[in-house]
Amino acid sequence: MAASSVVVAQAALRYTALGLQGGCSMRMTRLHAPTLKEIPKDAEVPSHQLLMRAGFIRKLSAGIYDYLPLAQRVLKKISDIVREEMDAAGAQEVLLPMVQPAEIWQSSGRWQKYGPELLRLKDRKGNEFCLGPTHEEVIVDMVKRDVRSWRALPLNLYQIQAKFRDEIRPRFGIMRGREFLMKDAYSFDADEAGANASYDAMFAAYNRIFARCGLAFRPVEADTGAIGGSRSHEFQVLAETGEDAIVSCDTCGFAANVEQAELLKGEALEGEPASAPVEAVATPEQRTIEEVSGFLGRPATGFIKTLIVIADDKPYALLLRGDHELNEIKAKKLLGAEALMMADEAQVKAVTGAPVGFAGPVGLEGVEIIADYALINARGCVTGANLADTHLINVDLGRDFEPRRFADLRMAVAGDPCPRCEGKLEGFRGVEVGHVFFLGTRYTEAMGCTFLDERGREQPMVMGCYGIGVSRVMAAAVEQHHDEHGICWPRALAPFEVAVLPLQSNKADVVEAAEGLYAALKAAGIDALLDDRDERAGSKFKDAELIGAPLRVAVGGRGLKEGVVEVKPRRGDKVDVPLDEVVAYIQAQLAAL
RNA sequence: CGGGGUGUAGCGCAGUCUGGUAGCGCACUUGCUUCGGGAGCAAGGGGUCGGAGGUUCAAAUCCUCUCACCCCGACCA
């Protein structure tokens, strides 16, 4: 009897040690969270460095990562929020295959269009497949098979699943990986009005999701890209290290990706005095705007940048102010081109007669010249002379050359006038964590996904699709919430809500108090992490800060003599709290976060 | 795909030029000491030096080929 109770006790201990006692709390000695003192050399951005150092992720291959227990906890918290809000918005969760047959991609036309980003494979019989970078084809195929009647619409289906896109250059760790976790949803409606309502519902759900995640974000107007469609918004988490540049109006609600933000034509000034006559100056080996600007001592704003582009095999000369950047998406739309490329050396030579770096609009013939709106009053400018090592100064638009037309060709920058009101645009950097598209009937028509309406007429369904980069949300949260010591998780995403640190693992009263507090927190339903390692206080503080739980409780001999422990919010000041009040105090603090 | 760079212990690196017993710091194991901000001492374990081929008595080191990874650019639902 004594022997059997020992066995039971051992088993219980083992379960306790394994953390199987229920709840989401954990002991550090059991947690697989290998922290690093040094920054891995290939990690550049904070989210990559900190997620590596704090033991959340490890790299398996370029752009492909292992998610360790801490990361999985965060992903689960994000996914749970996503599921709750998607379900509340009337969507239903499904799980679709990741390996997809070539046929459905051929039927939508994207097997040819998608390019090398689509990872293609063959099975043993030689049949072609791809790893799903997105699931429009699969979902349309599924819906068209079984949905025949207007009565079944609207329908909104979503999944949370790994996606694979063979990015040319994966970087920034989990921010831009090749494999990543994504929530993708697809709505099917009987008509455009219904599809707009579905879009609006998703837009509202996304606002709730990112707000609940504790992130500062903005929905912005976006380009619809290769996926096609008309309405589109990106959800951008504001962070300095974000890959996307966005602008928003300081007066009205306008906000857009710089790729999308339209810019208006200014007023042409009348009676502007012509500058001095055009003059050629030698600029040996000075090719870029920066070089020539430095060489001549004139600011880039006084330059006319001449870009030779090839749009579906036809060359064009696009003129921009020297300090502005071409927006290829706008140019592509303007020229109605399928493909737009910068001309190579030979093509530039053929069009301008000069090597790359010396193109200019004056005397340029046999090619259509289109000028950006910003050049409408260009006077006294510097441009290439279409002659090696030579530029022209004092060039006036209208006097020295006349573009075929003016157009909106460039990326918006901070300080530009708002296209919707009298305000000015401000610039931000963002991490794109969500994107909603109104797709229309592009896929349903191509793939024959139709239904019978109330009058028995066959109609294509009207679609929308809605993505959230779940693993990218984790990275974006770190980008937005960290300091020099580590991650500062928003409570809603934190892998643990409280870290309990017994500061002297050799003192029985300290260990006992910490164990007691840990048990009490667990009983109160709080996700606690007990650092029960035989480490010194410094190591425990460092690791706790790296991992980034919103609250830390330090249990030390010094405080215990006074009957208190020290509670410190990850980004706040320490407070001594009596041991017998600390659970209630923590509950109150967490509720306030 | 173009240009540049790196592959040596889990992480960070030296050694390569000038061939001759594979090293350092951190991490890990054991013991003693220490214990409120990444401790000290001592003793250990861990490597097909990215891979293949070649030169040589002898290759981490020299030669050829190859692979992977990183950075810049191009590209990018």
Side-chain angles (χ1 to χ4, degrees), chain A residues 32 34-45 48-49 52-53 55 58-64 108 110 113-118 132-137 163-173 176-178 180 182 184 222-229 232 234 243-244 257 259 288 326 328-329 332 339-345 432 434-437 439 442-443 465-469 472 485-486 501-508 510-511 514 531 533-546 552-561 564-566 568 574 576:
Chain A
H32 182 54
T35 58
L36 306 172
K37 280 190 190 174
E38 292 177 273
I39 302 172
K41 64 168 181 180
D42 55 1
E44 291 187 290
V45 295
H48 191 188
Q49 293 177 347
M52 289 287 294
R53 283 192 59 209
R58 286 293 183 265
K59 185 171 74 176
L60 177 62
S61 183
I64 301 176
S108 73
R110 288 207 293 184
K113 268 195 160 179
Y114 215 95
E117 202 179 306
L118 186 65
T134 177
H135 280 71
E136 281 82 8
E137 281 79 3
K163 294 280 187 282
F164 193 92
R165 295 179 190 174
D166 198 0
E167 297 274 351
I168 296 175
R169 187 140 98 84
R171 57 182 132 182
F172 304 143
R176 189 176 198 75
R178 291 195 291 175
F180 54 97
M182 184 171 176
D184 48 326
D223 178 61
T224 50
I227 230 160
S232 174
E234 289 168 351
E243 281 195 276
D244 292 333
N257 194 303
E259 294 175 345
T288 66
L326 175 68
E328 293 194 27
I329 293 165
K332 217 158 148 178
L340 184 94
M341 293 186 310
M342 295 298 294
D344 62 30
E345 257 175 71
E432 181 191 350
H435 205 152
V436 292
F437 295 90
L439 289 179
R442 169 176 170 167
Y443 292 92
C465 75
Y466 319 93
I468 289 178
R472 190 184 270 184
H485 302 297
L501 313 188
L503 296 181
Q504 299 94 7
S505 46
N506 60 332
K507 288 190 182 163
V510 170
V511 171
D531 194 344
R533 296 175 301 172
D534 184 15
E535 288 286 341
R536 293 160 63 91
S539 300
K540 295 188 181 183
F541 284 133
K542 291 291 182 191
D543 278 342
E545 278 155 2
L546 259 184
R552 176 184 90 193
V553 185
V555 181
R558 223 164 57 195
L560 282 185
K561 286 199 186 102
V564 298
V565 294
E566 173 194 292
K568 182 183 177 301
K574 308 168 185 176
D576 281 340

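All chains are named by letter (A, B, ...) in the order of the sequence lines, taking the proteins before the strands, and each is independently numbered beginning at 1. We use all heavy atoms of the structure for the numbers below, so side chains are in, but hydrogens, waters and symmetry mates are not.
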Does a side-chain N or O of A:Lys37 approach OP1 or OP2 of B:C11 to a distance below 4.0 Å, or not? no
Look at all strands and tell whether A:Ser61 reaches a base, only sugar-phosphate, or nothing, counting heavy atoms closer than 4.0 Å. sugar-phosphate
Give the rounded distance in Å between these two atoms: CD of A:Glu259 and P of B:C76. 10 Å
Rounded distance in Å between the C1' positions of B:A9 and B:C13: 12 Å
Could a donor-acceptor pair under 3.5 angstrom be found where the side chain of A:Glu38 meets the base of B:G25? yes
Show your reasoning for whether side chain to side chain contact (heavy atoms under 4.5 Å, CB included) applies to A:Arg472 and A:Phe172. CA-CA 11 Å; A:Arg472 190 184 270 184; A:Phe172 304 143; over 6 Å; no
For atom NZ of A:Lys59 and atom P of B:U6, their distance in whole Å: 17 Å
Distance between the C1' atoms of B:G53 and B:U18, in whole angstroms? 25 Å
Taking the side chain as everything from C-beta on, heavy atoms only, tell me whether A:Glu243 gets closer than 4.5 Å to A:Glu432. no
I'd like the P distance from B:A39 over to B:C26, given in whole Å. 11 Å
Report the base-pairing partner of B:U18 (Watson-Crick or G-U wobble, both distances below 3.5 angstrom), or none. none
Value rounded to 0.5 Å, distance of CZ in A:Arg558 from CD in A:Gln504: 8.5 Å
Whole-angstrom distance between B:A58 and B:C69, as gauged at atom C1': 32 Å
d(CD, A:Glu535; P, B:G36) in whole Å: 14 Å
Inter-residue atom distance A:Asp184.CG - A:His435.NE2, 0.5 Å rounding: 14.0 Å
Within the side chain of A:Lys540, is there an N or O that forms a donor-acceptor pair under 3.5 Å with the backbone of A:Arg533? yes
In whole angstrom, give the distance that lies between atom CZ of A:Arg53 and atom P of B:C11. 16 Å
Counterpart base for B:C69, defined by Watson-Crick or G-U wobble contacts under 3.5 Å: B:G5
How close or far is atom C1' of B:C35 from atom CG of A:Leu560, stated in whole angstroms? 15 Å
Which nucleotide in the set B:C76, B:C72, B:C11 lies at the smallest distance from any side-chain heavy atom of A:Arg171? B:C72
Separation of atom CG in A:Asp42 from atom C1' in B:C69, rounded to whole Å: 8 Å
Please give, in whole Å, the distance from B:C69 P to A:Glu44 CD? 16 Å
So what does A:Lys41 touch, heavy atoms closer than 4.0 Å: a base, only the sugar-phosphate, or nothing? sugar-phosphate
Length of the line joining A:Lys542:NZ and B:G37:P, which is rounded to integer Å: 10 Å
Remember a base hit wins even if backbone is also touched, and classify A:Gly559 as base, sugar-phosphate or nothing at under 4.0 Å, heavy atoms. base
Using a heavy-atom cut-off of under 4.0 Å over every strand shown, decide if A:Arg552 touches base, sugar-phosphate, or nothing. base
Checking all strands, does A:Met52 fall into the base, sugar-phosphate, or nothing category for heavy-atom contacts under 4.0 angstrom? nothing
Considering only atom C1', compute the distance from B:C24 to B:C35 and round it to an integer number of Å. 28 Å
Identify the nucleotide, in any strand shown, that forms a Watson-Crick or G-U wobble pair with B:U34, with both distances under 3.5 Å; if there is none, say none. none
The side chain of A:Ile168 lies closest to which of these nucleotides: B:G36, B:C75, B:C11? B:C75
Suppose you measure atom C1' in B:U48 against the same atom in B:A22; what distance do you get, rounded to whole Å? 13 Å
Straight-line distance of A:Thr35 OG1 to A:Leu546 CG, nearest 0.5 Å: 6.5 Å
Complementary nucleotide of B:U64, counting Watson-Crick and G-U pairs under 3.5 Å: B:A52
I want to confirm an ordering. Mapping A:Asn506 and A:Phe172 to their closest nucleotides on RNA chain B, which one lands closer to the 5' end? A:Asn506
Base-pairing mate for B:C11 - Watson-Crick or G-U, with both contacts under 3.5 Å: B:G25
N/O donor-acceptor pair under 3.5 Å between A:Glu545 side chain and A:Gly486 backbone: no
Does some side-chain heavy atom of A:Glu136 sit less than 4.5 Å from a side-chain heavy atom of A:Cys465? yes
Rounding to the closest angstrom, what is the interatomic distance between B:C63 and B:C71 at atom P? 28 Å
Nearest to the A:Ala62 side chain among B:C70, B:G37, B:G38, which nucleotide is it? B:C70
C1'-based separation of B:C67 from B:G44 [nearest Å]: 36 Å
Can you identify which nucleotide, out of B:C75, B:G36, B:G37, has its nearest atom closest to the A:Glu328 side chain? B:C75
Is A:Arg176 side chain donor-acceptor paired with the B:C76 base, going by distance under 3.5 Å alone? yes
Can you see if the side chain of A:Arg536 gets near the phosphate of B:A39 - specifically, an N or O under 4.0 Å from OP1 or OP2? yes
Consider the side chain of A:Thr35, meaning its heavy atoms from C-beta on, and name the nucleotide among B:G38, B:G36, B:U34 that approaches it most closely. B:G38
What nucleotide among B:C28, B:U6, B:C76 has an atom nearest to a side-chain atom of A:Lys332? B:C76
Closest-nucleotide ordering on RNA chain B, the 5'-leading residue of A:Ile329 and A:Arg169: A:Arg169
